[in-house]
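Some notes on the structure that comes next.
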Protein chains: 2
Amino acid sequence: MATLKDVAREAGLSVGTVSRVLNNRGYISEDTKRSVREAMARLNYQPNAMARSLSKQSSSMIGVIVPSISHPYFAKVLSCLESAAREQNYQLLLFCSQGKVAREEEYVRVCVSNRVAGLILCSGSVETGKLRNLGFPVVAFERFINEADAGVECDNYEGGAMAARELIRAGCRNLMCIGGAGEVSMPADARRVGFLDVCRQHPDIEVRENICAPEHLDDLNYFPELRSFLDSAPDVDGIFAGSDVIGMQIMAELAKRGKRVPQDVKIVGYDDVNLAQMTNPQLTTICQPVHEMAQECVSIIIRAARNESYPARTMFHVTLERRGTTCGNDEYT
Amino acid sequence: MATLKDVAREAGLSVGTVSRVLNNRGYISEDTKRSVREAMARLNYQPNAMARSLSKQSSSMIGVIVPSISHPYFAKVLSCLESAAREQNYQLLLFCSQGKVAREEEYVRVCVSNRVAGLILCSGSVETGKLRNLGFPVVAFERFINEADAGVECDNYEGGAMAARELIRAGCRNLMCIGGAGEVSMPADARRVGFLDVCRQHPDIEVRENICAPEHLDDLNYFPELRSFLDSAPDVDGIFAGSDVIGMQIMAELAKRGKRVPQDVKIVGYDDVNLAQMTNPQLTTICQPVHEMAQECVSIIIRAARNESYPARTMFHVTLERRGTTCGNDEYT
DNA sequence: AACGGTATGTCAACCGGTTGACACGGGAAA
DNA sequence: TTTCCCGTGTCAACCGGTTGACATACCGTT
């Protein structure tokens, strides 16, 4: 592997000079620049990013901790983070905590060790004060943490409210809200509250509320719980699912029971992951602007690296994607 | 951020000594070890991984390039790679090429710059010789590349053959094979060949063959093509889908057309991603031992780092996961 | 002739670790 | 007593870059 020194020798110059043309510092003649570039090309030189980071005291890596990679929502988040990072010439160090606090703490240590430029936390477990004074900013993604330096989230309350209004609009009267895994004490819990608040404004609407166990972020098997929820409410005609994955599984279970969607039961999901468009009918869902959120996270980290100020908390709007699972009673025939 | 020097000062020793206790080298008294450990704890010291890698001339990062993160198959692969890497105290640098060759080449350069321990390529575009002499091994994951130092793949031929046998066993006579995106010249293409070979052994079986355009690895919208495939063969009663995602979309489209699965049409997917169990009926599919494959990739990279030898090509068995979409004509009622 | 500014390039310290070479005191063997 | 080894610890070079300080040379001013 060629080093700067090799390039300097090849070009007949000193390391310092070569480094200058690399970093566009000071006065360098066009001739010199050219001969350096040629030498680099000849040797197939690639600067050593570690040496550079070490000396510059700043790296271009961003740590990301997610609870699960194969959950479609986090896959979507990761995808957006990767593209946002790339746009700014940053790289992603990927970690998957599987919801285990110990693993999360280990990963935080690894990030410190690697002197990342910043850490984006999408994971759920709480860190008791271990996130302060790490030497880089910690950005919480759809997750509220006191210890984090910044938070980027969505208007989950409004998302839940929109879901309720959509189901009611479509003619449902007997609603159920099925919360995702372990959302209590997380921003996502506001969905539930928003949903219930709207329901309560309608005296003729009945609502039930169910919460799934928190283990399912990884295995994604909500069926046993969903079955008992549905058993407990055979007359339900509108369901707000805490995620599209839950929504899909409800659809599968309803199909098994001979219930038609949307004729007998209407459904609103959450996240607008790609699967939501692979069902029949396609799933109505609440969509977060994940791409913008990801860009905001990266932007916060970059601003922090430049010692610029950044918002402690950013909240984005959600939107309703109306699809086949909430066609109104008069809309299908 | 505390450095080794700080620890040394705090413990009243020299840097060299402290480094020795960190790396368990030479003779160090228990007393010294203890006081070093205490000093590290007091200062909340975390060794600088970049400095260490620089000086040791070896890093613990593995680059991974996938064409898409939100495709469930690659999400599954990434998930397994992350856990395999973690088991060996390696970290993952994540890159998403979106099938673009230019981006792939850029990412390879970034990996070189970062002096990764190895690169795992799950991406599809071909690299013309740019993968040799990078300073680290390149492992091709389910992808055949001459330039790669090693390849880890599955018995795709047998996978296709199993799919054919399963559909025939379940009573299908009018088969269709729908290839995934751009599999030609990739190991996945062997699925098609295996499938067709088995079909040809049965003179009473009719087979059609279709290939989807290669762009869909990212947007995952196969519907328009699937519709025309189905239009062209209204009498088909068994479909082998190149991926579970394709399989799911076929199911949705068939449902729309009033065809029942598995009564009217039976389906076998590929990959066994988590969604395959979220449909109704659940999707029969061919499963790769992704976890073992991921471990093998990491193991190859570690062996290469130790200058040990490693296999140039490893092939794993696939298995059939029989589920609801291929119940035989006499198995449901 | 002395001076100042500009253009070009060299040198060495530093980033935070690792590691081989070596110093030193003490005990055992010759 | 000399020799040698052992246990313990120090020192400085090195990994591959970056950067401020400084040397040199050339040009135009005053």
Side-chain angles (χ1 to χ4, degrees), chain A residues 1-37 39-40 43-61 109-117 135-136 305, chain B residues 1-37 39-40 43-61 109-117 135-136 305:
Chain A
M1 194 88 309
T3 72
L4 240 206
K5 205 179 295 182
D6 298 326
V7 176
R9 189 183 321 120
E10 174 81 15
L13 297 166
S14 78
V15 254
T17 307
V18 178
S19 168
R20 281 202 183 170
V21 3
L22 262 183
N23 297 287
N24 266 323
R25 269 186 325 118
Y27 308 100
I28 304 278
S29 74
E30 271 312 312
D31 277 6
T32 305
K33 283 186 189 174
R34 194 167 31 74
S35 70
V36 167
R37 272 195 291 267
M40 295 197 316
L43 298 176
N44 205 343
Y45 169 75
Q46 291 289 352
N48 184 323
M50 290 183 302
R52 191 191 292 237
S53 302
L54 183 57
S55 137
K56 285 208 172 175
Q57 294 283 69
S58 84
S59 90
S60 62
M61 283 188 314
R109 277 195 302 275
V110 173
C111 284
V112 173
S113 232
N114 282 83
R115 306 295 195 262
V116 296
F136 51 79
Chain B
M1 194 89 308
T3 72
L4 240 206
K5 204 179 296 183
D6 299 326
V7 176
R9 187 182 322 119
E10 175 81 13
L13 297 167
S14 79
V15 255
T17 308
V18 178
S19 168
R20 281 204 182 169
V21 3
L22 262 183
N23 297 287
N24 266 323
R25 269 186 324 120
Y27 309 99
I28 303 279
S29 72
E30 272 312 313
D31 278 6
T32 304
K33 284 186 189 173
R34 195 169 29 73
S35 70
V36 166
R37 272 196 289 268
M40 295 198 316
L43 298 177
N44 204 344
Y45 170 76
Q46 291 290 352
N48 184 324
M50 290 182 302
R52 191 191 291 235
S53 302
L54 183 58
S55 126
K56 286 209 172 176
Q57 293 285 69
S58 85
S59 91
S60 62
M61 282 188 314
R109 278 196 299 276
V110 173
C111 284
V112 173
S113 232
N114 281 83
R115 305 297 195 264
V116 297
F136 51 79

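Naming convention: chains lettered A, B, ... in sequence-line order (proteins, then strands); numbering from 1 in each chain. The model shown is predicted, which means the values in this text are computed figures rather than measured ones.
For the atom pair CZ (A:Arg37) and OG1 (A:Thr32), the distance works out to 10.5 Å, reported to the nearest 0.5 Å. Between the OG1 atom in A:Thr17 and the CD1 atom in A:Ile28 there is a gap of 6.0 Å [rounded to 0.5 Å].
Within 4.0 Å (heavy atoms only), B:Thr3 reaches sugar-phosphate atoms of the nucleic acid but no base atom. A:Ser29 comes within 4.0 angstrom of the backbone, heavy atoms only, and of no base. When heavy atoms are screened at a 4.0 angstrom cut-off, A:Thr32 is found touching the sugar-phosphate backbone but no base atom.
Minimum atom distance to the side chain of B:Ser19 is reached by C:dT19, of the listed D:dG17, C:dT19, D:dT8. Closest to the B:Lys56 side chain, of the nucleotides D:dT19, C:dG17, C:dT19, is C:dT19. Here C:dG17 is the nucleotide among C:dG17, C:dT18, D:dT19 with the atom lying nearest to any side-chain atom of B:Ala51. Comparing C:dA7, C:dG17, C:dG9 by their nearest atom to the side chain of A:Thr17 picks out C:dG9. Across D:dC15, D:dG16, D:dG20, the shortest atom-to-atom separation from the side chain of A:Asn48 is found for D:dG16.
Atom CG of B:Leu13 and atom P of D:dT8 are 13 Å apart (whole Å). Nucleotide C:dG5 holds its P atom 12 Å from the OH atom of A:Tyr27, rounded to whole Å. Atoms CD1 (A:Ile28) and C1' (C:dT10) sit 11 Å apart, rounded to a whole Å. Spacing between atom NZ of B:Lys5 and atom C1' of C:dT18 amounts to 14 Å, rounded to whole angstrom units. Look at CE on B:Met40: it is 15 Å from C1' on C:dG16, rounded to the nearest Å. Between the CG atom of A:Asn114 and the C1' atom of C:dG16 there is a distance of 14 Å, rounded to whole Å. One atom, CE of B:Met50, and another, C1' of C:dC14, lie 14 Å apart when rounded to the nearest Å. When rounded to the nearest whole Å, the span between CG of A:Leu54 and P of C:dC14 equals 14 Å.
When every heavy atom of A:Ala39 is checked against every heavy atom of A:Ala11, the shortest pair comes out as CB-CB, 3.9 Å.
A side chain to side chain contact (heavy atoms under 4.5 Å, CB included) with B:Val18 is found for exactly one of B:Leu4, B:Asn23, B:Asp6, namely B:Leu4.
Looking at A:Ser53, its side chain does come within 3.5 Å of a backbone N or O of A:Ala49 through a donor-acceptor pair.
Using a 4.0 Å cut-off, no side-chain N or O of B:Gln57 falls inside it from OP1 or OP2 of D:dC14. Between A:Ser55 and D:dG17 there is no side-chain polar atom (N or O) within less than 4.0 angstrom of OP1 or OP2. Contact annotation: A:Arg52 side-chain N/O to D:dT18 OP1/OP2 distance is under 4.0 Å.
Remark: the B:Arg20 side chain and the D:dG9 base include a donor-acceptor N/O pair separated by less than 3.5 Å.
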